Amino acid sequence: MSAEVSRTRGVGRPPRLSLEAIIAAAERVLVAEGPEKLSMRRLAAELGSTPMALYHHVRDKDELLVLVLESQARTMPRPDLPAEPRDRLVAASVLLYELLAERPWIVEVLTGDDLIGPSALWIVEVMVGAAADCGLTEDEAFYVYRTIWFYIVGDLIIRVTGGRRRARTGAAHQDEVVAGLTADDHPRLVSLSGRWAELNARDTHRRALRAIVDGLLP
């Protein structure tokens with residue numbers, strides 16, 4: 001009798017949720033569909049639940065994104081970095097780039113909202129500290145970090161959005177424009193036009209970050 005009552009009460013109820021399950025499901029949606037597609041309604045559908053049930057665990061989408069960012073930051077590796085501060089800054093910059101390149105949705109979240117996972121700030125501390133150890137003031141050291149950060153974000157955003165366009169249309173608009181130039185007006189670009197897409201696709205972040213660091217440090 002009690003088993004029958006229990007089964008009756010369970011009919012139609014959504015499965016019991018945990019915060020860990022919600023975070024994991026949100027990460028799946030972010031990876032597969034990007035931040036713009038993540039909503040409490042979309043997440044509820046992913047979990048076979050209701051939006052109202054999610055609000056028992058998270059206040060809103062922003063809090064959910066912070067929790068996902070924090071979960072990701074805690075799983076990211078923290079390798080030993082060089083003792084020499086200039087090399088340490090380069091190594092930390094390359095590490096940050098490559099961690100984000102593996103998780104491009106994080107870049108979109110960080111640039112689209114004023115959100116961050118506190119556990120990720122260790123690498124910012126390393127970068128600012130390395131710049132300061134090279135003889136810069138704290139303000140100058142922060143400027144070095146910010147300049148590197150802008151390069152990383154800009155490069156990855158361009159790659160992500162360009163990749164989506166190519167996946168959707170089969171070509172990048174920029175490639176088409178360059179291919180249509182004439183040698184009279186743009187001789188250098190026409191000379192490069194046959195290799196434009198290949199040159200843009202080259203992975204040069206390590207070289208670029210070393211050059212940026214060398215240019216910014218005394």
Side-chain angles (χ1 to χ4, degrees), residues 1-79 92 94-127 145-146 149-150 152-170 172-173 205:
M1 183 72 175
S2 60
E4 183 179 344
V5 171
S6 177
R7 286 195 299 271
T8 302
R9 288 177 178 174
V11 172
R13 290 186 176 183
R16 180 171 295 179
L17 297 176
S18 68
L19 183 58
E20 292 75 15
I22 293 171
I23 292 172
E27 183 181 334
R28 291 195 298 272
V29 174
L30 288 164
V31 170
E33 303 175 26
E36 291 185 358
K37 298 296 185 181
L38 180 64
S39 66
M40 302 305 267
R41 185 178 299 277
R42 172 68 186 85
L43 186 57
E46 177 76 12
L47 289 162
S49 184
T50 64
M52 188 58 65
L54 303 181
Y55 288 113
H56 291 295
H57 299 272
V58 293
R59 183 176 61 253
D60 51 27
K61 180 180 173 179
D62 281 354
E63 183 180 30
L64 175 61
L65 287 171
V66 170
L67 290 170
V68 177
L69 290 172
E70 184 69 4
S71 174
Q72 282 289 303
R74 288 173 180 168
T75 64
M76 290 180 181
R78 298 192 185 188
V94 170
L95 176 63
L96 178 58
Y97 181 103
E98 293 177 351
L99 289 173
L100 292 175
E102 294 172 356
R103 306 162 178 84
W105 61 266
I106 292 182
V107 179
E108 296 181 85
V109 171
L110 294 177
T111 56
D113 300 282
D114 186 24
L115 306 173
I116 193 169
S119 293
L121 290 175
W122 73 270
I123 199 165
V124 179
E125 174 71 21
V126 168
M127 293 170 71
Y145 152 72
R146 190 183 66 169
W149 171 246
F150 285 171
I152 291 174
V153 168
D155 185 87
L156 290 176
I157 285 292
I158 289 171
R159 289 182 181 275
V160 169
T161 56
R164 285 179 180 166
R165 178 178 175 81
R166 283 189 294 274
R168 188 173 65 251
T169 66
H173 178 67
H205 69 277

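It should be emphasised that the depicted structure is a prediction, and the values quoted were computed from it without experimental measurement.
Judged as a side-chain contact (heavy atoms from CB on, under 4.5 Å), and not counting sequence neighbours, the contacts of Glu98 are Val94, His205, Arg206. Taking the side chain to side chain donor-acceptor pair (under 3.5 Å) definition, one finds that Arg146 meets it with nothing, sequence neighbours left out. Legend: residues meeting side chain to side chain donor-acceptor pair (under 3.5 Å) with Glu63, ordered by chain and number and at least two apart, are absent. Scored by the salt bridge (charged side-chain N to carboxylate O under 4.0 Å, His left out) test, Arg159 finds Asp155 as partners (sequence neighbours excluded). Ser18 pairs by the side-chain contact (heavy atoms from CB on, under 4.5 Å) definition with Glu20, Ala21, not counting sequence neighbours. By the salt bridge (charged side-chain N to carboxylate O under 4.0 Å, His left out) test, Glu33 pairs with Arg42, sequence neighbours left out. With sequence neighbours left out, Arg74 forms a side chain to side chain donor-acceptor pair (under 3.5 Å) with Glu70. Partners of Ala120 under the side-chain contact (heavy atoms from CB on, under 4.5 Å) rule, at least two apart in sequence or in another chain, are Ala73. Applying the side-chain contact (heavy atoms from CB on, under 4.5 Å) criterion to Val31, with sequence neighbours excluded, gives Glu27, Trp105.
The shortest distance between side-chain heavy atoms of Pro77 and Leu99 falls below 4.5 Å. A 4.5 Å side-chain heavy-atom check between Val153 and Leu100 finds every atom pair outside the cut-off. With contacts defined as side-chain heavy-atom distances shorter than 4.5 Å, the pair Met127/Leu96 qualifies. Side chains of Val160 and Val107 form no contact here, defined as non-hydrogen atoms less than 4.5 Å apart. You'll find the side chain of Leu95 reaches within 4.5 Å of the side chain of Pro79, heavy atoms only.
Arg41 contributes atom CZ, which lies 12.0 Å from atom CG of Leu43 (distance to the nearest 0.5 angstrom). Atom CE of Met40 sits about 10.0 Å away from atom CG of Leu47, to the nearest 0.5 Å. Distance check, rounded to the nearest 0.5 Å: OG of Ser71 to CD1 of Ile23 gives 5.5 Å. Atom CG of Leu38 is separated from atom CG of Leu65 by 6.0 Å, given to the nearest 0.5 angstrom. Taken from CD in Glu46 to CZ in Arg28, the straight-line distance is 4.5 Å, to the nearest 0.5 Å. Atom CG of Leu64 is separated from atom CG of Leu54 by 8.0 Å, given to the nearest 0.5 angstrom.
Closest heavy-atom contact between Leu110 and Ile116: CD2-CA, 4.2 Å. Annotation for Pro35 and Val109: closest pair CG-CG2, 3.7 Å, computed over non-hydrogen atoms.
The side chain to side chain donor-acceptor pair (under 3.5 Å) analysis of residues 51-61, with sequence neighbours excluded, yields no pairs.
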